[in-house]
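Below is one structure; the comments refer to it alone.
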Amino acid sequence: MMQPFSTVTGVAAPMPSANIDTDVIMPKQFLKGVDRGGLRDGTFHGLRFDPTGGERPDFVLNRAGWRDAKFLVVGPNFGCGSSREHAVWGLGQLGIRGLIGTSFAGIFFDNCVRNGLLAVTLDAEVVTYLSRLATDPATAVLAVDLPGQSIVTSDGQSFPFAVDPGQKEALVLGLDAIGSTLKHREEILSFEQTHLRQNPWLA
Amino acid sequence: MRQTLYDKLVDSHTVHSFDPDGRQLLLYVDRTVLNEYTSPQAFTGLRDAGRAVWRPRAALGTVDHVNPTAVHRTAEMPDPCGARQVAYFADNCRDFGVELFDVLHRLQGIEHVVMPEIGLVLPGMVVAAGDSHTTTYGAFGALGFGIGTSDIEHYLATQTLVYRRLRTMRVSVDGNLAPGVSAKDIVMALIRTIGAAGATGYAIEFTGATITALSVEGRMTICNMAVECGARGAIMAPDQTVFDYLRDRPRAPKGELWDRAVASWRTLHSDPDAVFDRDIILSAREIEPMVTWGTSPDQAAPIGSVVPDPIQEPDLARRRDMERALTYMDLKPGTRLTDITIERAFIGSCTNARIEDLRAAAAVARGRHVAPGVRAMVVPGSSSVRRVAEAEGLDRIFLTAGFEWLQSGCSMCLAMNDDVLRPGERCASSTNRNFEGRQGAGGRTHLMSPAMVAAAAIHGRLADPRRDPGVQ
């Protein structure tokens with residue numbers, strides 16, 4: 001059961017670079033487990049820590065005001081590269097609940113949906129505006145209302161966003177996707193029977 | 001009904017549509033291939049919920065990411081974490097009834113090399129796997145796409161995925177490729193043209209005489225790397241070249257079943273008047289050998305040019321990304337790409353470690369020697385590729401030229417084993433990603449074709465393969 005997402009209020013941190021890939025979000029040395037735990041330290045490891053393990057003071061999530069950020073306002077094509085879901089698990093373990101950007105890589109986006117992390121796609125002008133608010137802790141608080149599909153900023157503006165109805169339901173209710181699919185068990189069995197009869201080389 | 005091949009594949013695998021126009025649907029998936037590092041949590045999920053694998057014979061496991069490539073490797077894993085992943089993977093495959101190619105299996109290799117070479121990927125299939133380069137299977141007229149671990153669990157338990165239909169993009173490539181220009185250069189030119197997110201939300205269909213003229217292996221290289229411009233599916237209509245490739249593969253259908261299959265596969269193409277959401281046209285004649293200078297696959301240029309100057313980039317965000325990339329890569333604008341010296345050369349990965357790739361690299365290496373100070377490695381894509389290469393004498397060519405000839409695996413493409421770049425090392429690489437730290441923290445990767453990697457190893461610097469003997 002994943003954590004349901006209804007309305008979440010918190011600080012947003014800006015991360016405007018393009019093409020932040022899953023190798024950067026969760027470097028390879030943290031992929032050697034067999035469970036989903038222990039990934040908090042791995043998240044953005046090369047950006048957060050120097051080679052001696054000390055915090056890099058210039059990295060936004062290490063700075064006062066953004067340490068407990070719940071949202072990242074990100075650059076285009078965030079989450080590109082490897083399919084590793086560890087990247088999304090790690091973001092969750094770091095306390096990130098939502099991402100706002102102009103585009104997300106496909107596998108990464110699906111991984112977010114499966115793990116209760118909201119990835120919102122908005123026009124470039126809106127993302128730029130939110131990113132500018134996020135650069136100052138005094139204005140960086142956002143209220144993200146998933147049922148109402150809007151983001152309310154600290155200066156009182158409200159930005160609507162689109163979300164796929166199926167994904168919204170899964171996120172709001174924290175649904176178990178496998179359980180939902182298995183409600184279609186008979187339909188799958190019947191499809192499979194016909195499919196393999198028509199294409200017996202797939203059997 | 002005017003349909004694209006992509007929509008035909010999706011429609012023929014739709015179990016249930018969640019909306020009236022079939023955008024959100026339950027998609028039947030014919031087959032998967034599992035590896036040791038993206039699957040453990042999926043199997044744990046099944047165990048915890050008391051669920052079985054729906055159709056175990058529709059899955060294959062292969063150890064490829066964490067295994068060493070040492071010539072005399074054993075079942076022992078030097079890294080205890082990797083050892084635990086491999087052991088848990090073996091337990092999972094055994095307990096859930098999935099066939100496994102472990103490290104010492106004679107068919108072991110990189111998942112996307114192994115599946116086609118044994119005939120487990122067939123035209124018309126839908127294949128999803130826990131690796132982004134599952135797009136490779138588009139070369140066969142199959143819809144292949146990468147998924148995360150939760151979706152692996154979903155697939156294993158239900159044989160389906162909850163799927164969002166993509167938009168369609170047609171990439172047409174016509175004209176003859178110049179000598180020294182390969183499939184890798186076509187896809188790198190495409191990524192440079194449309195950007196690293198240029199095909200996000202799309203499935204690409206590649207068409208045109210240049211594509212049709214390619215071998216299946218060249219086609220796989222293009223489909224494999226299409227994910228680097230965001231495509232979640234990159235298909236090519238199957239033709240006689242594909243059927244000839246598959247005919248005698250051990251797991252392909254045989255006899256009367258084969259004939260029926262081919263008759264069905266011949267219908268797998270977009271209708272002549274099908275409409276695509278986006279069209280891109282590339283002229284093969286204008287494509288030159290390509291190399292990346294930056295830290296994203298779209299930061300690429302023809303080998304005859306120079307490191308670009310961020311000042312000339314009008315988009316401020318892109319300019320900042322270029323500056324950051326050049327700092328990481330330690331490169332100065334205006335430097336000729338052929339003046340960039342390297343310390344490492346790597347021929348390997350699911351993009352370019354098939355037998356045809358090794359032949360192209362060996363043709364350049366034959367009778368020559370790796371430059372002083374360069375460490376060059378050849379890691380075949382599978383144990384089968386390695387055996388074929390040895391039967392052809394390619395191993396002797398590489399070894400005589402000073403390359404290391406290693407056992408198969410993903411190796412230094414993502415460096416989850418002990419093949420890793422040291423900080424600051426610069427590598428000519430036949431792989432697919434030049435991200436910061438991808439091949440080792442602080443390592444600097446230049447992507448290019450396998451023939452270009454061989455040429456770079458010999459010259460000790462990035463090299464134009466059109467000036468090298470042996471280039472095809």
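In the text below, chain A, chain B and the rest are named by the order of the sequence lines, each starting its count at 1. These numbers come from a predicted model, not from an experiment.
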- Task: Tell me, please, whether Phe59(A) has Arg48(A) positioned over its six-membered ring: NZ or CZ under 6.0 Å from the ring centre and within 45 degrees of its axis?
- Result: no
- Task: Fit a plane to each ring of Tyr37(B) and His86(A), take the angle between them on a 0 to 90° scale, and name the class: parallel (under 30°), tilted (30 to 60°) or perpendicular (over 60°).
- Result: parallel
- Message: Centroid separation under 6.0 Å, is that true for the rings of Phe18(B) and His184(A)?
- Response: yes
- Query: With chain A, which of Arg320(B), Arg51(B), His65(B), Lys254(B) has the greatest number of heavy-atom pairs at distances under 4.5 Å?
  - Reply: Arg51(B)
- chain B contact via Leu47(A) - side chain, backbone, both or neither, heavy atoms under 4.5 Å: side chain
- Message: I'd like to know which of Arg31(B), Arg55(B), Arg84(B) tops the heavy-atom pair count under 4.5 Å against chain A.
- Response: Arg55(B)
- Measure Ser12(B) against the heavy atoms of chain A and call it side chain, backbone, both or neither at under 4.5 Å. backbone
- Message: Is Trp54(B) close to chain A through its backbone or its side chain, or both, or neither, when contacts mean heavy atoms under 4.5 Å?
- Response: side chain
- Task: Please determine, among Gln24(B), Glu436(B), Met416(B), Arg433(B), the option with the most heavy-atom pairs under 4.5 Å with chain A.
- Result: Arg433(B)
- Query: For Arg318(B), is it the side chain, the backbone, both, or neither that has a heavy atom closer than 4.5 Å to a heavy atom of chain A?
  - Reply: neither
- Query: Is the closest side-chain heavy-atom distance between Ile25(A) and Phe108(A) below 4.5 Å?
  - Reply: yes
- Message: Using heavy-atom distances under 4.5 Å, tell me whether Pro16(A) contacts chain B through its side chain, its backbone, both, or neither.
- Response: both
- Message: Report which part of Gln167(A) has an atom under 4.5 Å of a heavy atom belonging to chain B: side chain, backbone, both, or neither.
- Response: side chain
